[in-house]
Amino acid sequence: MSDLYRRARIVTPGGVNSPVRAMRAVGLEEPLFARRGRGAYLEDVRGHSYVDWVQSWGPLIFGHADPETVEAVRMAALDGTSFGAATEREVELAEEIVDAVPSVEQVRLVSSGTEAAMSAIRLARAVTGRDRILKFAGCYHGHVDALLASAGSGLATLGIPATPGVTAAAAAETIVCPYNDGTAAEAAVGRYGEELAAVIIEPVAGNMGVVPPADGFLRRLRELCDESGALLVFDEVITGFRVARGGAQERFDVRPDLTILGKIVGGGLPAAAFAGRRELMERLAPDGDVYQAGTLSGNPLATAAGLSVLRRLRDPAVYEQLEQRAARLEAGLAEVAAGKQITLQRVGAMGTIFFRDGPVANYDDAAGSDTKRYGSFFRALLERGVYVAPSQFEALFVSLAHGHEEIDRTIDAAREFFAG
């Protein structure tokens with residue numbers, strides 16, 4: 001055990017401030033302690049450099065320490081790091097979001113995806129006067145009590161607590177269906193429709209690995225919500241500004257009632273948002289009766305970073321380049337892994353290598369992956385200077401900082417692994 005990890009374990013539970021940073025799932029005792037990042041590369045405290053496909057779990061479209069973003073944050077910091085008062089940049093960032101995301105007319109900025117999800121669910125319950133929430137197994141919406149529910153048996157089941165500390169009552173208000181199962185969703189809405197406040201979903205799943213929506217699945221959810229009076233909530237914390245400038249709702253041409261955003265909205269700094277149609281958002285205080293607040297919401301450093309990134313994403317060439325690079329990486333990995341019981345799934349600039357025959361359509365499929373073999377793959381790539389997600393059930397993220405050299409190095413590292 002390194003001295004740093006020993007010290008971390010004394011003062012921090014498990015030695016990490018988020019469980020996803022632990023590497024026990026891939027067979028390593030200690031987490032990677034990062035020192036700095038530059039472009040496509042991450043350097044650890046031992047001085048080892050890695051091609052980084054995690055990119056802070058998605059927000060770094062332009063790579064680590066992007067000069068324009070860093071300069072925007074530096075200039076903002078010179079004027080003050082926090083005010084607890086309204087700023088012009090908050091308005092400008094909301095305007096960028098409204099311009100980009102098809103269903104959005106008003107935006108409320110917050111500090112984390114969990115806070116955004118919690119607030120969106122509160123708003124949906126207030127608007128509809130209903131309590132129940134329908135979610136999908138394998139989709140993660142932050143550590144909100146009601147959304148940390150797991151499925152029981154059957155097609156559409158009432159939730160049970162997925163972790164100690166979540167009460168049975170909180171989980172019981174949540175209905176869990178399999179992802180991509182329109183029949184189960186129809187059954188749930190048929191049974192609970194008059195009690196249903198919202199249907200919440202990752203329109204492209206990113207927390208069981210990348211699982212795209214089946215043809216017509218999102219559109220059917222839209223229809224079911226229209227029929228029942230429930231609100232459709234898209235959790236686009238990962239997909240927003242990544243799979244398209246307007247997120248998955250632009251890519252798949254389905255409009256939710258409320259949208260949860262994070263990651264790229266803050267340009268790599270802590271920021272998130274929930275947003276939607278004007279008549280829904282106007283229920284929020286101070287105009288409306290639904291209370292939500294946050295001292296650090298719209299933090300000036302985060303809004304400066306977010307604006308630096310979002311304004312450059314107006315250029316369609318950004319997404320063309322991301323698609324080209326992601327497709328090149330996917331093709332190279334598919335070639336070296338041919339015949340090795342591997343499934344590659346990608347939507348835009350996010351993808352997952354599943355260690356199982358595919359396709360992977362839901363959480364049960366993803367859970368059937370060979371996690372021990374994925375752990376061996378992770379360790380082999382790390383030894384060769386390539387850092388991918390330390391979990392089978394996460395995504396890799398392509399940035400504009402990843403060029404031919406980084407892609408080729410990754411493919412070569414994978415080739416050596418599969419040849420062994």
Is there a salt bridge (Lys or Arg N to Asp or Glu O under 4.0 Å) between Arg89 and Asp79 once you walk through the steps? CA-CA 13 Å; Arg89 276 194 295 270; Asp79 290 330; 5.4 Å; no
Working to the nearest 0.5 angstrom, can you tell me the gap between Arg325 CZ and Glu406 CD? 9.0 Å
Check this for me, if you would: do [X] and [Y] make a salt bridge, where the nitrogen-to-carboxylate-oxygen distance has to be below 4.0 angstrom?
X: Arg346; Y: Glu323; result: yes
X: Glu227; Y: Arg220; result: yes
X: Arg132; Y: Glu195; result: yes
X: Arg311; Y: Asp99; result: no
X: Asp235; Y: Lys135; result: no
X: Asp253; Y: Arg251; result: no
X: Arg38; Y: Glu43; result: no
X: Glu173; Y: Arg125; result: yes
X: Arg312; Y: Glu68; result: yes

Could you give me the CA-CA distance, side-chain angles and deciding distance for Phe234 and Val101, then say whether side-chain contact (heavy atoms from CB on, under 4.5 Å) is met? CA-CA 12 Å; Phe234 275 7; Val101 183; over 6 Å; no
Please work out whether the ring planes of Phe417 and Phe377 are parallel, tilted or perpendicular, with thresholds of 30° and 60°. perpendicular
Where does the angle between the aromatic ring planes of Phe418 and Phe355 fall among parallel (under 30°), tilted (30 to 60°) and perpendicular (over 60°)? parallel
In the structure I gave you, are the side-chain heavy atoms of [X] and [Y] within less than 4.5 Å of one another anywhere?
X: Leu60; Y: Asp52; value: no
X: Leu231; Y: Val199; value: no
X: Thr343; Y: Gln345; value: yes
X: Phe274; Y: Leu261; value: no
X: Ile260; Y: Ile200; value: yes

Candidate list Leu221, Val176, Ile175, test side chain to side chain contact (heavy atoms under 4.5 Å, CB included), partner Phe136, passing option: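 Among Leu221, Val176, Ile175, the one meeting side chain to side chain contact (heavy atoms under 4.5 Å, CB included) with Phe136 is Leu221.
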Polar contact flag, side-chain donor to acceptor under 3.5 angstrom, [X]-[Y]:
X: Ser391; Y: Glu394; answer: no
X: Glu236; Y: Thr239; answer: yes
X: Arg328; Y: Gln324; answer: no

Considering all heavy atoms, the nearest [X]-[Y] contact:
X: Leu42; Y: Ala34; answer: CD1-CB, 4.0 Å
X: Ala198; Y: Val233; answer: CB-CG2, 4.0 Å
X: Tyr179; Y: Asn362; answer: O-CB, 3.5 Å

[X] [atom1]: over 12 foreign heavy atoms closer than 6.0 Å:
X: Tyr291; atom1: OH; result: no
X: Glu335; atom1: CD; result: no
X: Glu71; atom1: CD; result: yes

Cation-pi, Phe252 ring and Arg219 (6.0 angstrom, 45 degrees):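 No; the conditions do not both hold, so Arg219 does not lie above the ring face of Phe252.
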Run the side-chain contact (heavy atoms from CB on, under 4.5 Å) check on Leu196 and Leu134 step by step: do they pass? CA-CA 7 Å; Leu196 203 58; Leu134 172 60; 4.0 Å; yes
Pair Phe354 and Tyr374, ring centroids less than 6.0 Å apart: no
With sequence neighbours left out, what residues match Glu279 under side-chain hydrogen bond (donor to acceptor under 3.5 Å, both in side chains)? Arg277
